[in-house]
Amino acid sequence: MGVARGVTAAIVLILMGQQAVAAELAQAASVQQAGAAVTEWPNPWQVRLRALGVITEDSGYVNAVPGSGLSYSNTVTPELDISYYFTDNIATELILGATYANIEGQGAIGALGNVGKVWLLPPTLTLQYHFTDLGAFKPYVGAGVNYTIFYNQDVGSADALKIKNTFGTALQVGFDYMVDQHWGVNFDVKKLFLKPDFDVTVDGAKLTGRAALDPWLIGAGVTYRF
């Protein structure tokens, strides 16, 4: 009888131990899953599609022509940007879009009228800081570099025109307002400091100068966070 009781007690203890271990494992798995849910990192990629207004500053000159000036047309164009978030607060953004500018003579060269037309491809890379403690409203600031490619350069009153590709700098401020986890609306303002040199030929005379475009880029559109 003593042996039987001992065996029975051992079996009961074994069963109770198995149940306790199973309960602890289940609890640990639940805690681990909860922790994973809390610490799960959101997808770092984001895209935006904006309508962009390009507002240039009418400044520039032709060397050796005192009192010369230049002005440029303003445009509206679509823009795509791609962002990557290193953390909740730090991101980098690549801005892609193309536009054109009509170039007009001003001041001492005003009689030239339309000097030419040029297309611009100005990819811009900025590093941003995002403020994340304001709920759905997510403002940010940024700064970066720009490299502008000038192509399809057509002459007007000039005989020849060559605007040279150049680097510039950029400042940025904007915000996203997120409607849900993925979709939001965006408003963004950038200032590009862009002063390309150019060669121009007018009435057989070869001249050089600088076009101080320095455009404001004002955009609004939609945001999608993956």
Could you work out, with side-chain hydrogen bond (donor to acceptor under 3.5 Å, both in side chains) as the rule, every residue matching Lys195, not counting sequence neighbours? Asp214
With heavy-atom distances below 4.5 Å as the criterion, would you say the side chains of Asp58 and Leu70 are in contact? no
What's the verdict on ring pair (Phe, Tyr, Trp, His ring centres under 6.0 Å) for Phe226 and Tyr224, showing C-alpha distance, side-chain angles and the deciding distance? CA-CA 6 Å; Phe226 290 93; Tyr224 183 79; 5.0 Å; yes
To the nearest 0.5 Å, how far apart are CD in Gln46 and CG in Asp81? 7.5 Å
Hey, is Arg225 close enough to Asp176 for a salt bridge, meaning N to O under 4.0 Å? no
Flag the pair Leu171 / Phe193 as yes when at least one side-chain heavy-atom distance between them is below 4.5 Å, and no otherwise. yes
Distance-only check: which donor-acceptor pairs under 3.5 Å involve side-chain atoms of residues 158-169, not counting sequence neighbours?
residue, atom, partner, partner atom, Å
Asp159, OD2, Asp203, N, 2.8
Asp159, OD2, Gly204, N, 3.0
Asn165, OD1, Phe150, N, 2.9

Run through the side-chain heavy atoms of Ile, Leu, Val, Met, Phe, Trp and Tyr, join any pair under 4.5 Å, and report what else lands in Leu125's cluster. Leu94, Leu96
Under 4.5 Å between side-chain heavy atoms, counting indirect links through other Ile/Leu/Val/Met/Phe/Trp/Tyr residues: same cluster for Val189 and Val185 or not? yes
Does any part of the side chain of Tyr72, heavy atoms only, come nearer than 4.5 Å to the side chain of Glu57, both counted from C-beta? no
Rounded to the nearest 0.5 angstrom, the CG-CG distance for Asn146 and Leu194 is 5.5 Å
What's the spacing between Phe137 CZ and Tyr177 OH if we round to 0.5 Å? 10.0 Å
Please name the pair of heavy atoms, one in Asp88 and one in His130, separated by the smallest distance, quoted to 0.1 Å. O-CB, 4.0 Å
Any non-hydrogen side-chain atom of Asn89 less than 4.5 Å from a side-chain atom of Thr132? yes
Do the ring centers of Phe86 and Tyr84 come within less than 6.0 Å of each other? yes
Start with the C-alpha gap between Asp199 and Thr208, add the side-chain angles, then the distance that decides, and say whether side-chain hydrogen bond (donor to acceptor under 3.5 Å, both in side chains) holds. CA-CA 5 Å; Asp199 298 325; Thr208 62; 5.5 Å; no
Pair Arg48, Glu93 - check salt bridge (charged side-chain N to carboxylate O under 4.0 Å, His left out), show working. CA-CA 10 Å; Arg48 297 188 185 95; Glu93 179 188 72; 2.6 Å; yes
Those residues at least two apart in sequence (or on a different chain) that pass ring pair (Phe, Tyr, Trp, His ring centres under 6.0 Å) with Phe131 are Tyr129
My understanding is that only residues two or more places apart in sequence, or in another chain, count here; which of them pass side-chain hydrogen bond (donor to acceptor under 3.5 Å, both in side chains) with Asn74? Thr56
Is Trp183 reachable from Leu49 through a run of I, L, V, M, F, W or Y residues, each pair having side-chain heavy atoms under 4.5 Å apart? no
Tell me, please, which residues at least two apart from Asp188 pass salt bridge (charged side-chain N to carboxylate O under 4.0 Å, His left out). Arg50, Lys190
Check ion pair Arg210-Asp197 (N to O, under 4.0 angstrom): yes
Can Ile90 be reached from Val173 by stepping across I, L, V, M, F, W or Y side chains whose heavy atoms are under 4.5 Å apart? yes
Any donor-acceptor pair under 3.5 Å from Asn186 side chain to Gly221 backbone: no
Leu217/Leu192 under side chain to side chain contact (heavy atoms under 4.5 Å, CB included): CA gap, chis, key distance, verdict: CA-CA 8 Å; Leu217 310 181; Leu192 300 187; 3.7 Å; yes
Working note: Leu121 + Thr148, criterion side chain to side chain contact (heavy atoms under 4.5 Å, CB included); need CA distance, chi angles, decisive distance, verdict. CA-CA 6 Å; Leu121 178 63; Thr148 299; over 6 Å; no
Using every non-hydrogen atom in the two residues, find where Pro215 and Val54 come nearest and quote the distance to one decimal. CB-CG1, 4.0 Å
Non-hydrogen atoms of Pro122 and Ala98 that approach each other most closely: CD-CA, 4.5 Å
Verdict with reasoning, Val62 to Phe198, per side chain to side chain contact (heavy atoms under 4.5 Å, CB included): CA-CA 9 Å; Val62 176; Phe198 64 84; 4.1 Å; yes
When you measure from the side chain of Ser157 to the backbone N and O of Asn114, does any donor-acceptor pair fall under 3.5 Å? yes
Derivation and outcome, side chain to side chain contact (heavy atoms under 4.5 Å, CB included), residues Leu207 and Thr201: CA-CA 6 Å; Leu207 302 166; Thr201 302; over 6 Å; no
Could you report the tightest heavy-atom contact between Ser68 and Ala108, atom names first, then the distance? N-CB, 3.9 Å
Should Leu213 and Leu52 be counted in the same cluster of Ile, Leu, Val, Met, Phe, Trp and Tyr side chains packed under 4.5 Å apart? no
So do the side chains of Val65 and Ile109 get within less than 4.5 Å of each other, counting heavy atoms only? yes
Contact check, side chains of Tyr147 and Ile149, non-hydrogen atoms, under 4.5 Å: yes
So do Thr126 and Gln172 actually touch side chain to side chain, heavy atoms under 4.5 Å? yes
At what distance, to the nearest 0.5 angstrom, does CD of Gln106 lie from OG of Ser71? 4.0 Å
So which atom in Leu120 and which in Ala101 form the shortest heavy-atom distance, rounded to 0.1 Å? CD1-N, 3.9 Å
Using only atom types and a distance under 3.5 Å, with no angle test, would you say the side chain of Ser73 pairs donor to acceptor with the backbone of Asn102? yes
With a sphere of 6.0 Å drawn around OH of Tyr100, does it hold more than 12 non-hydrogen atoms of other residues, nucleotides or ligands? no
Evaluate the side-chain proximity of Ile55 to Ile218: yes if any heavy-atom separation is below 4.5 Å, no if none is. yes
Within one Ile-Leu-Val-Met-Phe-Trp-Tyr cluster: Ile95 and Ile82, side-chain cutoff 4.5 Å: no
